[in-house]
Amino acid sequence: MVDLTRLNSAQHQAVTAPDGPVLVLAGPGSGKTRVLTLRIAYLVGARGISPDRLLAVTFTNKAARVMEERVSQMLGGQKQALDGIWMGTFHAMCARLLRREARDHLPIKSNFIILDSDDQESLIKRILKEMNINDKTVKPSSVHAAISTAKNELIDPQDYPSSNYRDQIVRRAYLRYQELLRENNAVDFDDLLLLSVRLLQANDVLRRHYSRRFQHVLVDEFQDTNTAQYELVRLLSSENKNLFVVGDEDQSIYRWRGADFRNVLRFEQDYPGCVKILLEQNYRSTQTVLDAARAVIDKNRDRTRKALFSERGAGEPIQFHEAVDDRAEAQYVVDTIVSMVASGKAKPGDFAVMYRTNAQSRLLEEAFLRSGQPYRLVGAQRFYGRREVKDLIAYLRLALNPDDELSLLRAIGVPPRGIGDRTLDGLRAVAAQNRTSPGQVLLSLGTLGEESPFWAAFRGRGAAMLADFGAQLAGWSSAAENIPLPILFDRILDEIAYREYIMDESEEGQDRWDNVQELRRIAYEYENRGLAAFLENIALVSDQDTVPENQEAPTLLTLHAAKGLEFAQVFIIGLDEGILPHSRSRDDPEEMAEERRLFYVGLTRAKDRLYLVRSLRRSSYGSYEDSLPSRFVEDIPAWLLKHSGQRRTSYTSRGFGAYSIGGYAPQDVTWAAGTGQAKPPSQQAGPVVQPRYQPNYRVRHPVWGEGLVVDSRIIDGDETVDVFFDSVGFKRLVASLANLEIIQ
DNA sequence: AAGGCCCTTCTTTTT
DNA sequence: GAAGGGCCTT
C-alpha cells in the first residue's frame, strides 16, 4: 500500500520506527521530507491510525501544504484520506488551539487579533513615549526584541528581571504591553506559543485531552524550535510519548528568533530511550559541493558530526569570482546565467541567487532588468507588510471588531479625514472616562449624531468629523458578517475613496493599487470562508509561503528563505567580511557560528554547480568601501575552487593581525595572491606558553591607539588578547601579529 | 490638520 | 540611500 521499497536502510528505519520518541538527524538532501511524508502515510496506511489522531508541525504553511498533498497521493490520491489531521505551523496550530479554548480558559476572547511585528513595535513605541523614555537611549526595537525573547523563553512579565536600569525599563514596558494587548483583545506572534503552553500547563484536563487525542506528534525542522515550542511539543505528546522529530543542528539559522539547536541534544536527554537515526546519504549534490560544505561546517562545535556522502561523483569545481564592485558582482551573475543558457547547458529556472540581506537584491534586480532577463524575487518587502495592504486590513479588522483600537488608530488617519492628534486624544479620553472603547464612542456618534451622549464632549468640528467616520464604521460593522467578503471589501474601498487617495501622480501609485487588487483577489478566495478566516490566514502567512511556483526564471532569495529548497545551480553573492558573516555577528561566537551555518545552508542547496561571488568594494551608506573576502570562503579547500575575476586580496593585508571571535585565525592557511594554491603558515612566531598581557593592562596599538586588556590566553601556541580600545571598542588580537605596546 | 522639506539614522535574517 | 522624525508653512 505505502511503497517503502526505494528507501535506504536508515530512511526505512525512520519511516517504520516503532512507537516512542524518535530523533531523526537528517543532513541536507538526505530525503528528510520524504521520510516525514512517508512516516505519516505509513502511520495512516499501514498502521491504521486515524488522521485525526495525528499532529504534524512544519515550519511554513507551504511545507504543510506540500506534505499534505504528497501524503494524500501516497494514500491513493483522495483528499479526504487525511481528513481531521492537524498539520501546520506552530503558530497556526496554537491560534487554532487558543481560539477553541479562549472562551473557557483564557484572558482573551476567541476573536482576538494577531499582531505582526510592525504592530508590536509601534505599540512599544507608544508605551515608551507614555513612560517618558527617550527612544534614543532605549530603542523600541531592542525592547521589542527583549520582550520577544522573554516570551520565547516562557518568562512572564512579572518574572522579568529588574537587576539593572535597562531590565527595569523592559520589565515595565513588558507589563504595560501585555496589559494593552489584553485590553485590545490582541495577541502577538509569541503569545500564540506562550499562551498555549500556559494553557496546557495550568489545566491538566486540557493537557490530557489533547495529548491523548494526538496519538502521534511529528515535528519538522526541530533544530529551529525555541523553548516555548519545545515545551509545547512535550506537553502535547505527554500521554502517548510518540514524538517523532526531524532536524539538523547544522541548519539551525533562527537563533535570533529564540531557536536553539541544542533542543536536539536536550531531546536525547529528556527521552533517554529514544531511537536516533542519522540520514547521511545525500541525494542532491555532487561530492565537490558536499566536501566544501563539510569543510565549512566542521569548524563548528556542539554538533553531531555527520559523514555526508553522495554517489553522484565529483562534478564541477566551485567557481569563486571576485568582481571589482557590487554592481559588477550583480552583472557577473546575470552574464553567467545568460551564457550558460545560451550554450544550452542550463535553463533559466535552474538558477538561484542567494544573499545575506534583502538590500542586496536591488543591484541584482537592476542587472536583470538592464539585460532584459526575467527573474523571480522571494520576499524582499513582505506583501502583507506593505502600507496599503496594512491600511485595508486595518479597516477589515475594524469592521469585524470595532473595539480593536489599534486598527482604529491606523484606519482613522488614512486617508486623512480631518481628524488629528488633538481630536484623537479627545476621543480616547472620552472612551476611557466612560469605560468603553473609542470604537463604541465612534459608533454612538455615527448612529445617534447630536443625540449621542458623547456629542457634547467634542468641540464642533471634531464631533462632526468623528460622527462621519462613525457612521461609515457602523455600516461596515453591520455588514461585516452579513455580506460576502469581496463586496464588503469593495464597499470600503469605495466609501473611503482609497483609489483616489493612493493613485496620486507618484510612480508608486500604480504599484500600490496593484497590491490592493492582489489583496482583493485573495479576498475572493475567502468568499465562502468569511472575513475572520481571511484575517487569520493573513496574520499567519510567511514570505516562504509565497515563493512563486513558476520554474521559468532564476530565483532571487535570502539565504534564510533558501532553506529547504534546492536548485541545479546556485550563486551565493556578497562573500565579504561584514556581509557574510554579517558585521552584527562579529563579536559573538554563537552568532558567528550561526552565520557559518547559514553559509552551509546556502552551499548545500546546490545540486550541480556552485558560484561564490564577492566584490572588492561595495557601496554601504552611499559611498564605496573596500571589503575583504569572507573567512568562510577561505575555509574551503583550494582544490575545490576555480578562481576568476580580480585578484584576491591576500590574508596578510587583512587587518593588523586582528581577527574576530569564532572564526578564522591568521595562522590557519595563507594564500599566495591569485594562484589558487595553498602555502603553509607564514607568520608563525615561536610557540608562546605564558601570556604576556594581563587583564587591566593599558596597551597601545599602532592603529587603534590605547585600550584596556580584558582577557588574554594561549590558543594554538599564540597569545590571544581581548582589548577594549577607547577608539573602536572591543577587538580580539593575536599578540604576535598585533604589535601591542604595554603602557602600564 | 496636513503636507513638504530637511535632518538624522541605520541596515540581518522572519513565524 | 531610504525611511522616519521634527519642524515649518499653508
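Each chain gets a letter, A, B and so on, in the order its sequence line appears, and its residues count up from 1.
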J.: Starting at CG of N226(A) and ending at C1' of dT14(B), how long is that distance when rounded to a whole Å?
T.: 13 Å
J.: Do the side-chain N and O atoms of N185(A) and N111(A) include a donor-acceptor pair separated by under 3.5 angstrom?
T.: yes
J.: Mind checking Q229(A) for me? I need base, sugar-phosphate or nothing, with any heavy atom below 4.0 Å counting as a touch.
T.: nothing
J.: Using whole Å, report how far CZ of R386(A) lies from P of dA3(C).
T.: 12 Å
J.: Report yes if at least one side-chain N or O of K563(A) is closer than 4.0 Å to OP1 or OP2 of dT13(B); otherwise report no.
T.: no
J.: Rounded to whole Å, please give me the gap between CD1 in I253(A) and P in dT13(B).
T.: 12 Å
J.: Using atom CG of N61(A) as one end and atom P of dT15(B) as the other, report the distance to the nearest whole Å.
T.: 9 Å
J.: For R255(A), answer base if it contacts any base atom (sugar-phosphate contacts may also be present), sugar-phosphate if it contacts only those atoms, and nothing otherwise; contact means non-hydrogen atoms under 4.0 Å.
T.: nothing
J.: Rounded to whole Å, please give me the gap between CG in D118(A) and P in dT14(B).
T.: 13 Å
J.: How many whole angstroms separate atom CD of E121(A) from atom P of dT14(B)?
T.: 15 Å
J.: So, Y254(A) versus F59(A), ring centres under 6.0 angstrom or not?
T.: yes
J.: I'd like to know if the side chain of D119(A) reaches the main chain of D116(A), judged simply by a donor and an acceptor atom lying under 3.5 Å from each other, with no hydrogens or angles considered.
T.: yes
J.: Let me know the distance between CD of E590(A) and P of dT13(B), rounded to the nearest Å.
T.: 21 Å
J.: Testing the 3.5 Å rule here: is there a donor-acceptor pair between the side chains of Y375(A) and E365(A)?
T.: yes
J.: Select one nucleotide: of dC10(B), dT14(B), dG4(C), the one nearest the side-chain heavy atoms of N358(A).
T.: dT14(B)
J.: Compare the minimum distances between each of dT11(B), dG4(C), dT13(B) and the side chain of T558(A), then state the nucleotide with the smallest one.
T.: dT13(B)
J.: Measure NE2/H560(A) against P/dT13(B) and give the value in whole Å, please.
T.: 9 Å
J.: Among the nucleotides dG1(C), dT14(B), dC10(B), which one has an atom lying closest to any side-chain atom of K139(A)?
T.: dC10(B)
J.: When you measure from the side chain of Y254(A), which nucleotide among dG5(C), dT14(B), dT11(B) comes out closest?
T.: dT14(B)
J.: Should W256(A) be counted as stacked on dT13(B), where stacking needs a ring-centre gap under 5.5 Å and an angle between planes under 30 degrees?
T.: yes
J.: Does the side chain of E329(A) come under 3.5 Å of the side chain of Q331(A) through a donor N or O and an acceptor N or O?
T.: no
J.: Give a yes-or-no answer on whether the side chains of Y174(A) and D156(A) include a donor-acceptor pair shorter than 3.5 Å.
T.: no
J.: Please encode protein proximity along nucleotides 1-8 of chain B as a string of B, S and -, counting only heavy-atom distances under 4.0 Å.
T.: SSS-----
J.: Roughly how many Å apart are dT13(B) and dG4(C), using the P atom of each and rounding to a whole number?
T.: 15 Å
